[in-house]
Amino acid sequence: ATTRVPAKETVGETFAAALGEAELVLITADAASGLDADGLADAVRLASPLVIVIPDAGMQALPPDPTDVVDRVLGIAP
């Protein structure tokens with residue numbers, strides 16, 4: 001396993017590299033907030049690698065509510 005802690009300005013390229021190399025990608029909600037929302041949503045929907053947005057260690061940035069994500073994917077979000 002490889003752990004990467006990129007600077008804010010390199011999160012996008014580090015995330016893209018991880019998508020091409022890893023079987024599992026964990027990204028904090030804080031880091032994910034700097035990514036293109038549609039690109040992140042597409043990555044989360046991929047079968048491989050498995051992408052999971054997790055809270056940061058201090059619980060300051062939380063991932064989106066799974067219900068909201070499912071509603072958006074199904075096209076039933078308000």
Side-chain angles (χ1 to χ4, degrees):
T2 301
T3 301
R4 300 174 186 177
V5 184
K8 287 260 187 203
E9 58 273 1
T10 61
V11 169
E13 62 190 65
T14 303
F15 182 68
L19 291 177
E21 300 168 7
E23 294 178 20
L24 170 66
V25 177
L26 301 176
I27 184 168
T28 64
D30 183 48
S33 69
L35 299 174
D36 171 67
D38 291 334
L40 177 60
D42 290 344
V44 169
R45 284 193 293 268
L46 292 174
S48 180
L50 177 60
V51 176
I52 302 173
V53 181
I54 60 173
D56 66 347
M59 300 294 284
Q60 298 301 309
L62 300 175
D65 182 321
T67 304
D68 294 340
V69 174
V70 170
D71 289 350
R72 273 196 315 277
V73 169
L74 295 176
I76 58 173

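Heavy atoms only, all atoms of each residue included: V53 and A29 are closest at CG1-CA, 3.7 Å. Counting all heavy atoms, side chain and backbone alike, P55 lies closest to T28 at O-CG2, 4.3 Å. The heavy-atom pair separating L35 from G12 by the smallest distance is CD2-CA, 3.6 Å. The nearest pair of heavy atoms linking A31 to V11 is O-CG1, 3.6 Å.
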Exercise answer: donor-acceptor pairs, residues 13-24 side-chain atoms, under 3.5 Å, sequence neighbours excluded:
residue : atom : partner : partner atom : Å
T14     : OG1  : T10     : O            : 2.9
E21     : OE1  : R4      : NH2          : 2.4

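Hydrophobic clustering (ILVMFWY, side-chain heavy atoms < 4.5 Å, transitive): I52 and L46 are in distinct clusters.
Applying the side-chain hydrogen bond (donor to acceptor under 3.5 Å, both in side chains) definition to pairs two or more places apart or across chains, those involving residues 35-48 are D42-R45.
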